[in-house]
J.: 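To start, I am sharing the structure in question, which I have written as structure tokens.
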2 protein chains.
Amino acid sequence: MATGRTHRPATRSRGIPEATVARLPLYLRALTALSERSVPTVSSEELAAAAGVNSAKLRKDFSYLGSYGTRGVGYDVEYLVYQISRELGLTQDWPVVIVGIGNLGAALANYGGFASRGFRVAALIDADSEMAGKQVAGIAVQHSDGLEKIIDENGVSIGVITTPPGVAQAVCDRLVAAGVTSILNFAPTVLSVPDGVDVRKVDLSIELQILAFHEQRKAGEEAEAQAGAAAVAQAAQENNGKGPDGDVPAVMPA
Amino acid sequence: MATGRTHRPATRSRGIPEATVARLPLYLRALTALSERSVPTVSSEELAAAAGVNSAKLRKDFSYLGSYGTRGVGYDVEYLVYQISRELGLTQDWPVVIVGIGNLGAALANYGGFASRGFRVAALIDADSEMAGKQVAGIAVQHSDGLEKIIDENGVSIGVITTPPGVAQAVCDRLVAAGVTSILNFAPTVLSVPDGVDVRKVDLSIELQILAFHEQRKAGEEAEAQAGAAAVAQAAQENNGKGPDGDVPAVMPA
DNA sequence: GCGTGTGAAAGTCTTCACAGCG
DNA sequence: CGCTGTGAAGACTTTCACACGC
């Protein structure tokens with residue numbers, strides 16, 4: 001995952017834990033799939049499997065939303081879809097601007113799941129005059145000169161930054177000044193924003209580096225395990241016929 | 001953050017907390033920038049600011065790696081770059097395959113930061129025969145028939161999935177069967193993998209939904225704050241000249 | 001004196017396990 | 001009887017605050 005935040009210290013009641021919020025979209029996706037297959041109810045066990053979490057966690061998560069299940073039965077799929085959608089604010093429409101229409105910006109504009117639920121690409125913005133006027137994903141790219149006006153006229157509060165890292169902070173500042181209060185940042189830059197503005201980041205190279213760390217550790221453990229196995233084999237040989245405990249590992253890898 | 005995992009319960013010594021691992025790439029990026037500006041040393045305060053975290057967290061994180069700082073001075077930039085790179089496994093080269101060369105796959109292939117440190121795009125793979133043979137980012141796209149052979153010959157252990165969701169699990173299964181043990185999944189699907197295989201996911205629509213949640217809450221709080229302000233104003237009016245406590249809010253929004 | 005390194009405290013998240021309701 | 005909802009325990013993470021070494 002990839003996250004940066006800026007929050008007051010966990011508000012009063014209605015306070016759904018951040019970790020739970022981050023999983024609600026997962027549940028919603030699984031529930032939507034069930035709904036499309038006209039499945040009427042689902043147990044925490046089944047839904048948890050579909051969402052890739054364990055059932056205790058799921059039940060705890062849902063308990064923060066209220067008591068929406070029926071004991072001995074499970075959860076009503078349609079009802080839950082509605083409740084989670086409402087909780088996430090997806091019953092309203094969120095106009096979004098994408099700034100920086102390079103490869104990635106274009107890919108996101110074309111991404112279907114974007115419009116699917118609650119989100120609408122209000123505008124594509126680029127600093128390159130060559131780019132302005134071209135159509136991407138059926139939407140005309142506009143020059144960044146008009147950024148403030150576009151945001152104001154469309155009531156945009158969510159901005160997606162897919163610019164080169166060098167200009168990301170400047171773009172961010174303009175977005176915030178123009179009234180955007182949520183930013184999804186794909187540029188490999190740490191954005192600084194005033195209080196009250198949320199930033200989430202998506203960063204390919206960070207994700208790869210985390211994978212590399214674990215990958216390296218696996219390789220190390222493998223070697224360690226082989227060394228351990230070799231030691232055991234050797235110990236077994238030395239121990240050959242000396243006692244009845246030959247199947248107990250004689251060496252524990254430190 | 002966007003994450004799925006599959007781990008044994010936190011290994012013995014050398015056990016760097018997952019939260020720390022996820023921040024190491026951030027520190028590394030900040031340090032690399034300092035290194036390019038030939039800055040010799042940096043304090044935890046400065047580096048933390050550059051990485052967007054607080055200094056106590058950074059010092060605690062570094063303490064898991066060892067004692068690499070000098071009291072009263074700070075950290076040696078070059079030395080830290082090396083230590084973190086080594087810890088993350090970036091001193092070796094990781095060949096990576098990208099499967100699914102649509103808009104997003106192509107964008108990733110073109111992404112510069114990819115090759116920058118430790119990673120190398122070993123192959124681009126697509127199921128579409130039209131696609132196979134075309135060049136993307138200077139690399140010939142290969143047909144997915146040869147997936148197993150490509151992985152084997154290149155010693156690939158990290159795979160990136162940018163296919164449509166419908167085929168993501170099948171692709172994942174083939175990657176794993178061919179020997180891949182780390183997967184970065186951009187498809188909006190929950191992948192199931194055997195133990196020992198790491199999956200991380202990047203999901204645009206989940207990130208947007210999390211932002212929408214907070215955005216909605218801001219709107220609610222604003223209304224609440226206005227109501228509160230109105231109530232206070234009204235209370236102040238009612239309280240007019242009745243006591244010396246007029247600057248203490250008379251009404252606390254429930 | 002300054003800034004690191006780190007126990008200890010506080011906070012958050014996950015898991016357990018079972019009471020209780022349909 | 002099955003499955004939800006939830007206190008309580010446990011694990012992990014962050015923050016605090018200060019001893020310690022340069």
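Values below: all heavy atoms of this structure, side chains included; hydrogens, waters and symmetry mates excluded. Naming convention: chains lettered A, B, ... in sequence-line order (proteins, then strands); numbering from 1 in each chain. This is a predicted model, so every value here is computed, not measured.
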J.: Within the 3.5 Å criterion, strictly below it, is a donor on B:Ser44 or B:Arg59 matched to an acceptor on the partner's side chain?
T.: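 Their side chains do contain a donor-acceptor pair, which is all the 3.5 Å distance test asks for.
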J.: Taking everything shown except A:Gln169 itself, do over 12 heavy atoms lie less than 6.0 Å from its CD?
T.: yes
J.: I need the CG-P distance between B:Asp76 and C:dT4, as an integer number of Å.
T.: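 Spelled out: CG on B:Asp76 to P on C:dT4 is 13 Å.
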J.: Could you give the CD-to-C1' distance, from B:Glu18 to D:dT13, as a whole number of Å?
T.: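 Distance, rounded to whole Å: 12 Å.
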J.: Whole angstrom is fine here: how far is it from CG in A:Leu47 over to P in D:dC3?
T.: 14 Å
J.: Does a nitrogen or oxygen in the side chain of A:Asn54 sit under 4.0 Å from OP1 or OP2 of C:dT15?
T.: yes
J.: Between A:Phe62 (CZ) and C:dT14 (P), how many Å, whole number?
T.: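 My rounded result for the distance is 14 Å.
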J.: Pick the nucleotide of DNA chain C nearest each of A:Thr70 and A:Lys57; which residue has the one closer to the 5' end?
T.: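 The residue whose closest nucleotide sits nearer the 5' end is A:Lys57.
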J.: Check the side chains of B:Arg29 and A:Thr189 for a donor-acceptor pair under 3.5 angstrom, ignoring hydrogens and angles.
T.: no
J.: Does A:Arg23 make a side-chain N or O approach to OP1 or OP2 of C:dT14 shorter than 4.0 Å?
T.: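 Looking at the OP1 and OP2 atoms of C:dT14, one of them is under 4.0 Å from a side-chain N or O of A:Arg23.
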J.: Could you tell me whether A:Tyr75 contacts a base, only the sugar-phosphate backbone, or nothing, with contacts defined as non-hydrogen atoms closer than 4.0 Å?
T.: sugar-phosphate
J.: Ring centroid separation for A:Tyr68 and A:Tyr75, is it under 6.0 angstrom?
T.: no
J.: Over how many whole Å does the gap from A:Leu58 atom CG to C:dC13 atom P extend?
T.: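 Taking atom P of C:dC13 as the reference, CG of A:Leu58 is at 17 Å.
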J.: For D:dC3 and A:Ser44 - does any side-chain N or O of the residue sit under 4.0 Å from the phosphate oxygens OP1/OP2?
T.: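 For D:dC3, neither OP1 nor OP2 has a side-chain N or O of A:Ser44 closer than 4.0 Å.
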J.: Measure from CD on B:Glu45 to C1' on C:dT4 and round the result to the nearest Å.
T.: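 Rounded to whole Å, this separation is 12 Å.
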J.: If you measure only the distance, is there a donor-acceptor pair under 3.5 Å linking the side chains of A:Asp76 and A:Thr41?
T.: no
J.: Looking at D:dC3, I'd like to know if its phosphate oxygens (OP1 or OP2) sit under 4.0 Å from a side-chain N or O belonging to A:Ser43.
T.: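 It does not, given that no N or O in the side chain of A:Ser43 lies less than 4.0 Å from OP1 or OP2 of D:dC3.
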J.: Mind calculating the distance between CZ (A:Arg59) and P (C:dT14) to the nearest angstrom?
T.: 15 Å
J.: Let me know, please, whether A:Arg71 or A:Pro17 comes out on the 5' side of the other along DNA chain C by nearest nucleotide.
T.: A:Pro17
J.: Ignoring the backbone of B:Lys60, work out which of C:dC13, D:dT6, C:dG7 is nearest its side chain.
T.: C:dG7
J.: Quickly work out the A:Tyr64 OH to C:dC13 P distance and round it to whole Å.
T.: 8 Å
